[in-house]
Novice: 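Pasting a structure here, questions to come.
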Amino acid sequence: MGQQEKHVLDAFYKNASVGLDATCSILDKAAHSELREELCKQLRYYQTQRDSIRRQMQENCMQPQEQGTMAKFCSDLSIRMHCAGGISSGEIAKLMLKGTNMGVIQLTEVLHRSPEISDSLKHQGKEIVRHEEAYMERLKAYL
């Protein structure tokens, strides 16, 4: 496995890990039952993705790079600050949309900067981006 492919797998793993952490942090703030169900659905997706990508990396003798403690702390602190004093479903959806959009941008950049990766890895990345974009569309109903 080449360096570009390793870099792309790292980006996939990071996307799933960051999404998982952010969704876990915000989930208990969501009072709207349908939004909560949407967040739970996405949480399960991130867990499945992260585990699958971790196995894929291990099969290629790679160790996933976990998000640093400071990055996790800053992300969680940002969510807590936005939620201080309560937060509406619309504000939760907006926060999740912003974070998901950043992930889509990062994944798209990584894919565009890695032209020599395998077709299967390109397809995997496009599927992840497609899933994230569909999730953003579903969140827009709560704005």
Side-chain angles (χ1 to χ4, degrees), residues 1 3-58 60 62-143:
M1 177 170 277
Q3 280 304 110
Q4 278 189 1
E5 290 187 328
K6 289 178 179 181
H7 179 69
V8 169
L9 277 177
D10 266 336
F12 293 173
Y13 187 83
K14 179 183 176 189
N15 182 73
S17 292
V18 170
L20 180 69
D21 290 343
T23 305
C24 283
S25 293
I26 201 93
L27 188 58
D28 66 333
K29 315 281 190 283
H32 189 281
S33 62
E34 291 164 5
L35 174 58
R36 195 169 168 72
E37 181 57 37
E38 187 62 52
L39 293 171
C40 286
K41 181 178 170 184
Q42 188 68 6
L43 181 68
R44 289 187 295 272
Y45 170 78
Y46 286 136
Q47 288 169 327
T48 301
Q49 276 296 108
R50 188 188 63 182
D51 294 345
S52 174
I53 295 164
R54 179 183 288 133
R55 280 191 301 277
Q56 191 176 358
M57 293 173 88
Q58 289 170 340
N60 289 287
M62 291 177 62
Q63 189 67 8
Q65 289 186 340
E66 299 296 334
Q67 186 182 11
T69 304
M70 194 60 170
K72 282 184 183 182
F73 173 76
C74 289
S75 175
D76 190 51
L77 183 61
S78 175
I79 290 170
R80 288 176 192 251
M81 286 175 42
H82 280 91
C83 296
I87 187 168
S88 71
S89 295
E91 291 167 319
I92 290 172
K94 187 175 179 180
L95 274 176
M96 298 310 288
L97 274 163
K98 284 181 179 181
T100 305
N101 191 54
M102 280 194 323
V104 166
I105 291 168
Q106 289 169 348
L107 288 176
T108 302
E109 286 177 340
V110 165
L111 289 169
H112 286 166
R113 291 181 182 155
S114 307
E116 297 175 20
I117 62 174
S118 68
D119 288 342
S120 64
L121 207 52
K122 286 177 189 175
H123 177 72
Q124 182 179 357
K126 288 176 183 177
E127 285 300 313
I128 294 169
V129 168
R130 217 177 340 266
H131 182 89
E132 296 289 83
E133 289 171 338
Y135 172 56
M136 289 191 300
E137 283 304 311
R138 292 190 306 273
L139 283 174
K140 289 176 184 178
Y142 301 99
L143 292 176

Novice: State whether K140 and E137 are salt-bridged, where the test is any N-O pair (Lys NZ or Arg NE/NH1/NH2 against Asp/Glu carboxylate O) under 4.0 Å.
Specialist: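 A salt bridge links K140 with E137.
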Novice: Could you tell me whether a side-chain N or O of Q49 sits under 3.5 Å from a main-chain N or O of A16, the two making a donor and an acceptor?
Specialist: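 It does not hold such a pair.
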Novice: Any ion pair linking E133 and R130 (charged N to carboxylate O, less than 4.0 Å)?
Specialist: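 No, R130 and E133 are not salt-bridged.
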Novice: Given 3.5 Å as the limit, does a donor-acceptor pair link the side chain of S114 with the main chain of V110, or not?
Specialist: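 Side chain of S114 to backbone of V110: a pair is present.
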Novice: So which heavy atom on I53 is nearest to which on L9, and how close?
Specialist: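 Smallest heavy-atom distance, with atoms named: CG2-O, 3.8 Å.
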Novice: Just verifying a value: how many Å separate L107 CG and Q124 CD, rounded to the nearest 0.5 Å?
Specialist: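 CD of Q124 is found 10.5 Å from CG of L107.
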Novice: Taking ring-ring contact (aromatic ring centres under 6.0 Å, His included) as the cut-off, I'd like each qualifying pair that reaches into residues 26-49, sequence neighbours left out, listed once.
Specialist: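 For residues 26-49: H32-Y142, Y45-H131.
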Novice: For atom NZ of K41, is the number of surrounding heavy atoms from other residues, nucleotides or ligands below 6.0 Å larger than 12?
Specialist: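 No, the 6.0 Å shell around NZ holds no more than 12 heavy atoms from other groups.
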Novice: Whether the side chain of E5 engages the backbone of S118 through a donor-acceptor N/O pair (distance < 3.5 Å, no angle test) should be reported.
Specialist: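 Yes, the answer is positive, given that a donor and an acceptor are paired below the 3.5 Å cut-off.
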Novice: Tell me, yes or no, whether the heavy-atom count around R138 atom CZ, taken from other residues, nucleotides or ligands under 6.0 Å, exceeds 12.
Specialist: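 Yes, the 6.0 Å shell around CZ holds more than 12 heavy atoms from other groups.
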Novice: Just wondering, do N15 and E132 contact through their side chains at under 4.5 Å, heavy atoms?
Specialist: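 SC-SC contact between E132 and N15 confirmed.
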Novice: Which atom names give the shortest non-hydrogen contact between A30 and I92, and what distance separates them?
Specialist: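 Smallest heavy-atom distance, with atoms named: CA-CD1, 3.6 Å.
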